[in-house]
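What follows is a short report on a single structure.
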Amino acid sequence: MRHLTVLSGGMGGAKFLQGLLHGIAAGTLPGVAPDATVTVIANTADDWWIHGLKVCPDLDTVMYTLGDGIDPERGWGRRAETWSAKEELAAYGVEPTWFGLGDRDIATHLVRTQLLDSGYPLSRVTQALCQRWLAPTYGERLTLLPMTDDRVETHVAIADPEAPSGRRAVHFQEYWVRLRAEVPAEQVVFVGLDAATPAPGVLETIATTDLLVLPPSNPVVSVGTILGVPGVRDAVRATTARVVGLSPIVGASHVRGMAEQMLTSIGVEVSAAGVGLNYGARANGGVLDGWLIDERDADQVSRLEAEGLRCAAVPLMMTDHDATAAMAAAAVSLVVDGAGPA
Ligand code: GDP
Ligand code: CA
């Protein structure tokens, strides 16, 4: 295999990609050439405008992580960050004050916003930003695409006794950052998704790739939104490549993040099997050929196989690059016949 494609959210997707690229370079992915190319199709429904700046959290987390600019403790934003601009904005009393905007990070948002204002689509702008972060290390071997150039925003309905309807919608960032996902998400709404068009290259990549991977990203607000861009789910169902996913739920927990809240809000069981069956087998109208789950959830393998999915249980904690590369190798072996163990 010479070309792999990954549908990614932010932190979970970025960590997986680090391990995947590590495994490709080390030649430990069965059947995958050491110079194989990788295309990342990233979620953009977490994006928003703040203080006049366009912020794309998942694109930036992937870009900074793979470009070695991420703050590893926080998992988002820039390493060695300072916060002067944020403090100054707060001193003016400008809301919102709860969103983290570091000085170094602001430079990225300024470049992006200026290019968008000049008329370039987000996909071209992302390509320009990646010239700094990805091209020096990966050259043509790694491409980062936004799922769409159109504006799509995830909003979350939460209870609000003072609102006439008893509920109110907040932007995904307000739900996640200000409210820390601590109140129930009564409904998740993807504003603009139905009218969005896949960014240039997205459908072509899915159609022509040798393997499509759904990493352990949030199945609702990351992978779910990518699949929700009109045309993408059909392209995944139609591709001649095998499609394999890795469970973001380990032992009924989301490890880190907010997948539990999101799954609950759409009525999906918070388990490896619940997520796998929600994606579904391509043979039964879904998007997956194989679903890799954690060894702790091994008792769910037969349930998944009965629904037409290839399934295996292996360690799925992304503790370091080697562990994550081993996950990627197991995912490849699961769906690629004759690839054998790495
Ligand atoms: P976000 O945009 O930053 O929320 O990142 P993603 O959507 O890409 O991924 C977030 C999800 O990754 C979390 O909800 C977890 O379910 C999952 N996750 C994070 N770390 C791990 C890990 O070590 N193993 C597994 N299996 N899943 C993980
Ligand atoms: Ca995200």
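First listed ligand is number 1; within each ligand, the first listed atom is number 1.
Rounded to 10°, the angle formed at the Ca ion (ligand 2) by Asp46 OD2 and Asp58 OD2 is 90°.
Cluster partners of Trp76, using a side-chain heavy-atom cutoff of under 4.5 Å among ILVMFWY residues and allowing indirect links, are Trp83.
Taking all atoms of both residues into account, the shortest heavy-atom contact from Val55 to Leu101 is CG2-CD2, 4.3 Å.
A salt bridge links Asp337 with Arg310: the distance from a Lys NZ or Arg NE/NH1/NH2 to an Asp or Glu carboxylate oxygen falls below 4.0 Å. Salt-bridge check for Asp71 with Arg79: failed, with every basic side-chain N at 4.0 Å or more from each acidic carboxylate O.
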Every pair of nitrogen or oxygen atoms between ligand 1 and the protein that is under 3.5 angstrom apart - can you list them with their distances to 0.1 Å?
unit_1	atom_1	unit_2	atom_2	d
ligand 1	2 (O)	Gly10	N	2.8
ligand 1	2 (O)	Asp58	OD1	3.1
ligand 1	3 (O)	Met11	N	2.8
ligand 1	5 (O)	Gly10	N	3.2
ligand 1	5 (O)	Met11	N	3.0
ligand 1	5 (O)	Gly12	N	3.3
ligand 1	7 (O)	Asn218	N	2.8
ligand 1	7 (O)	Ser222	OG	2.7
ligand 1	8 (O)	Gly10	N	3.1
ligand 1	8 (O)	Gly12	N	3.2
ligand 1	8 (O)	Gly13	N	2.8
ligand 1	8 (O)	Ser217	OG	2.6
ligand 1	9 (O)	Gly12	N	3.3
ligand 1	12 (O)	Pro216	O	2.7
ligand 1	14 (O)	Arg256	O	3.1
ligand 1	16 (O)	Pro248	O	2.7
ligand 1	16 (O)	His254	O	2.9
ligand 1	20 (N)	Arg256	NH1	2.5
ligand 1	23 (O)	Met318	N	2.9
ligand 1	24 (N)	Leu316	O	2.7
ligand 1	26 (N)	Ser247	O	2.9
ligand 1	26 (N)	Leu316	O	3.0

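More than 12 non-hydrogen atoms from other residues, nucleotides or ligands lie less than 6.0 angstrom from OH of Tyr138.
Under the side chain to side chain donor-acceptor pair (under 3.5 Å) rule, Arg2 has a single partner from Thr37, Asp210, Asp35, which is Asp35.
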